[in-house]
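Heads up: numbering here begins at 1 and tracks the sequence.
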Amino acid sequence: MIQLKDILYKVALEEVVGNTHSAIRDIHFDSRNVGLDDVFVAIRGTLSDGHNFIKQAIDKGAIAVVAESLPKDRVNGVTYVKVQDTQEALARMAANFYENPSEEIELIGITGTNGKTTISTLLYQLFTKAGFACGLLSTVTIKVAGEDFKATHTTPDSLTINKYLRMMADAGVAYCFMEVSSHGIHQKRTEGLQFRGGVFTNLSHDHLDYHKDFKEYRDVKKKFFDELPKNAFALVNIDDKNGSVMVQNTKANRLHYALKTQADYKGQILENQFDGLLLKINGQEVWVKLIGSFNAYNLVAIYGVAIELGLDAMEVLPYLSALESVAGRFQYIVSEKEKITGIVDYAHTPDALKNVLQTINDIRTGNESLITVVGCGGDRDATKRPKMGKIAAMLSNQVIFTSDNPRTEDPDRIIEAMEAGVPPEHYKKTLSITQRAQAIKTACNLAKAQDIILVAGKGHETYQEINGERSHFDDFETLQKLLTELNK
């Protein structure tokens, strides 16, 4: 068994009371999971403070406690370790406990407001097609050399990250592609990980319920690149004005990708249709199954990562053309009889919704109507609601505001906040239907031959969360069933 002193390697210690040579069975930050000979790390969370559960952890058998303030009443035989930041300490302890698995894998982190899931998932697809054993840590799923595990957070806690990275290393995984969220960076979940490269996609309005303002949100993202080592690469979207900010202080090799400006990896859209894109990347043409300018950016980034990791340029292009869209990311179905196109997309930020709607408008002839069904999540950033209402109304022929995941909020109040952003000249094109299934059904009933329905906000999610309870709800499944019934 590993000793306490070994898992405290590189942790900034302020005070140690007791024996650090004790053998450790496991590490926990939830006192309910603590067992005999475990270490309990007291984390100050947003809902509760782990320091209030130190006694409970010791009663359950904890042999050591790591905390930012040590209790006055101490138990003989228990080692107490004081640190300045238990979140950072937990991340470094987790890496040491699992024998630093990120050092055995080429780990690539993808961060930004939109595109993280698509880029990480498609990189996993591409490198798997190229014959490598790969790992994936994403919002949608966790994959270890082809085996699937359920994902619960965009960036899991540091113990979970290192547990899966150890599984990957033991399974012979060569590359792991990981979504890195602003929450994960801010909560130090990625501390102690050795990244081979980082990708910045874009930055727009999101998570301002968590971060104080946009500057803090941007600076948290930047911190990821600040901490990349010299032997890593930092590939950033230079068409986004925040791209250059991300790499201001990085020690990594700076690389750019773009559609509009000159860059190390330059893309150009030659054709944009519902069945795919014709792209030119660094002078080479390639047809891909994904659509829209946002996916063009994603594909150029994927190409850049593949080249930086040593794949041959001419080998990468056929792999790009074979990539399949990610569940809930511009996933679409066309009804056989009326040729109505139904699209499901995860767009849950103003910028993502704008991108999807503009993509549809760029492709359609104008003879069809575009009907958008959209809501906003509860207990999350409320300031984006009127913005999303405005965007949906301005870029659609008909809008139905509905419930997303209201969580503990009143869905009608969320809808009212979205309605508040609609310009007066667009009032007549909006409807509000609280029940999401009914809203999608209404969109299908309103649609005529050749029309387009966009259901935005939940994408890949297979549940709806109302008052703390999750019930099954799948946008694509619902839309597919309704459009199929229209054919009868």
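For Ile466, the side chain to side chain contact (heavy atoms under 4.5 Å, CB included) partners two or more places apart in sequence, or in a different chain, are Pro406, Gln464.
In this structure, Asn298 and Leu122 have side chains that are not in contact, with every pair of non-hydrogen atoms separated by 4.5 Å or more. Counting only heavy atoms from C-beta outward, the side chains of Gln3 and Thr20 never approach each other to under 4.5 Å. Put simply, the side chain of Met178 reaches to within 4.5 Å of the side chain of Leu107, judged on heavy atoms. Between Val356 and Phe294, some side-chain heavy-atom pair lies under the 4.5 Å cut-off. Two residues are said to be in side-chain contact when any heavy atoms from C-beta on lie closer than 4.5 Å; Leu311 and Phe127 meet this criterion. Within the 4.5 Å cutoff, the side chain of Asp240 has no heavy atoms near those of the Tyr297 side chain. At least one side-chain heavy atom of Phe473 sits less than 4.5 Å from a side-chain heavy atom of Lys458. Two residues are said to be in side-chain contact when any heavy atoms from C-beta on lie closer than 4.5 Å; Met418 and Val374 meet this criterion.
When the shell of 6.0 Å around NZ of Lys266 is examined, it contains more than 12 heavy atoms from other residues, nucleotides or ligands. For Lys260, the NZ atom is loosely surrounded, since the number of other residues' heavy atoms within 6.0 Å does not exceed 12. More than 12 heavy atoms of other residues, nucleotides or ligands sit less than 6.0 Å from atom CD of Gln248. Within a 6.0 Å radius of CD in Glu14, more than 12 heavy atoms belonging to other residues, nucleotides or ligands are found. No more than 12 heavy-atom neighbours from other residues, nucleotides or ligands sit within 6.0 angstrom of CD on Gln435.
If you check the side chains of His51 and Asp49, you find a donor sitting under 3.5 Å from an acceptor. Of the N and O atoms on the side chains of Thr261 and Asp239, at least one donor lies less than 3.5 Å from an acceptor on the other residue. Between the side chains of Ser325 and Gln331, no donor-acceptor pair is found at a separation under 3.5 Å. A side-chain donor-acceptor contact under 3.5 Å links Arg329 and His460. If you check the side chains of Asn405 and Glu461, you find a donor sitting under 3.5 Å from an acceptor. Side chains of Tyr217 and Thr113: a donor-acceptor N/O pair is present below 3.5 angstrom, by distance only.
The distance from the CD atom of Glu88 to the CZ atom of Arg189 is 15.0 Å, given to the nearest 0.5 Å. The distance from the OG1 atom of Thr478 to the CD atom of Gln480 is 10.0 Å, given to the nearest 0.5 Å. Atom CG in Leu203 sits 8.0 Å away from atom OG1 in Thr201 (nearest 0.5 Å). One distance of note links CD1 of Ile414 with CZ of Arg407; it measures 8.5 Å at 0.5 Å rounding. The line from CG of Leu4 to CG of Asp37 is 11.5 Å long, rounded to the nearest 0.5 Å. We find the OH-CD1 distance between Tyr257 and Ile238 to be 10.5 Å, quoted to the nearest 0.5 Å.
Using a distance-only test at 3.5 Å, with no hydrogens or angles considered, a donor-acceptor pair links the side chain of Thr86 to the main chain of Ala42. Not a single donor-acceptor pair under 3.5 Å links the side chain of Thr402 to the backbone N or O of Gly375. Listed for the Lys221 side chain is no donor-acceptor partner under 3.5 Å among the backbone atoms of Asn202. A side-chain donor-acceptor contact under 3.5 Å links Asp38 to the backbone of Asp26. When atom types are taken as modelled, the side chain of Asn237 and the backbone of Phe200 share no donor-acceptor pair closer than 3.5 angstrom. Under the 3.5 Å distance criterion, the side-chain polar atoms of Asn162 are left unmatched by any main-chain donor or acceptor of Ser102. At distances below 3.5 Å, at least one donor-acceptor pair connects side-chain atoms of Tyr80 with backbone N or O atoms of Val75. Under the 3.5 Å distance criterion, the side-chain polar atoms of Asp474 are left unmatched by any main-chain donor or acceptor of Thr462. A donor-acceptor pair under 3.5 Å is absent between the side-chain atoms of Lys5 and the main chain of Asn19, judged by distance alone. Side-chain atoms of Thr141 come within 3.5 Å of backbone atoms of Phe149 as a donor-acceptor pair (strictly under, hydrogens ignored).
Between Ala306 and Val316, the closest heavy-atom pair is CB-CG2, 3.8 Å. Closest approach of Val11 and Ala89 over heavy atoms only: CG1-CB, 3.8 Å. Annotation for Arg380 and Glu409: closest pair N-OE2, 4.3 Å, computed over non-hydrogen atoms. Contact between Ser182 and Val220 at its shortest, heavy atoms only, is O-CG1, 3.3 Å. Taking both residues in full, the closest heavy atoms of Cys176 and Met168 are given as SG-SD, 3.6 Å, listed atom of the first, atom of the second, then distance. Residues Leu136 and Ser120 come closest through the heavy atom pair CD1-O, 3.5 Å.
Below 30°, between 30° and 60°, or above 60°: for Tyr265 and Tyr303 the angle between ring planes is above 60°, a perpendicular geometry. Using cut-offs of 30° and 60° for the angle between ring planes, the Phe330 and Tyr332 rings count as perpendicular.
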**Q.** side-chain contact (heavy atoms from CB on, under 4.5 Å) between Met1 and Ile24, intermediate numbers included
**A.** CA-CA 6 Å; Met1 293 174 72; Ile24 300 303; 5.7 Å; no
**Q.** Residues Lys82, Glu15; criterion salt bridge (charged side-chain N to carboxylate O under 4.0 Å, His left out); working and verdict
**A.** CA-CA 5 Å; Lys82 183 182 179 184; Glu15 183 183 355; 5.0 Å; no
Q: Begin from the C-alpha positions of Asp404 and Arg436 and carry the test side-chain contact (heavy atoms from CB on, under 4.5 Å) through to its verdict.
A: CA-CA 7 Å; Asp404 188 286; Arg436 193 172 182 89; 4.2 Å; yes
**Q.** Criterion side-chain contact (heavy atoms from CB on, under 4.5 Å) on Arg44 and Ser69, from CA distance to verdict
**A.** CA-CA 11 Å; Arg44 299 189 195 278; Ser69 58; 3.5 Å; yes
Q: Dump the intermediate steps for salt bridge (charged side-chain N to carboxylate O under 4.0 Å, His left out) on Arg385 and Glu416, then the final yes or no.
A: CA-CA 9 Å; Arg385 294 169 187 172; Glu416 286 173 7; over 6 Å; no
Q | Worked verdict on Leu320 versus Ile302 for side-chain contact (heavy atoms from CB on, under 4.5 Å) | A | CA-CA 8 Å; Leu320 280 181; Ile302 290 163; 3.9 Å; yes
Give every donor-acceptor pair under 3.5 Å between a side-chain atom in residues 224-233 and any protein atom, sequence neighbours left out.
unit_1: Asp226; atom_1: OD1; unit_2: Lys222; atom_2: NZ; d: 3.0
unit_1: Asp226; atom_1: OD2; unit_2: Lys222; atom_2: NZ; d: 3.1
unit_1: Glu227; atom_1: OE2; unit_2: Lys223; atom_2: NZ; d: 2.7

Tabulate below the donor-acceptor pairs under 3.5 Å that side-chain atoms of residues 90-101 make, not counting sequence neighbours, or state none.
unit_1: Arg92; atom_1: NH2; unit_2: Glu191; atom_2: OE1; d: 3.2
unit_1: Asn96; atom_1: ND2; unit_2: Ile7; atom_2: O; d: 3.1
unit_1: Asn96; atom_1: ND2; unit_2: Tyr9; atom_2: O; d: 2.8
unit_1: Asn96; atom_1: ND2; unit_2: Arg92; atom_2: O; d: 3.1

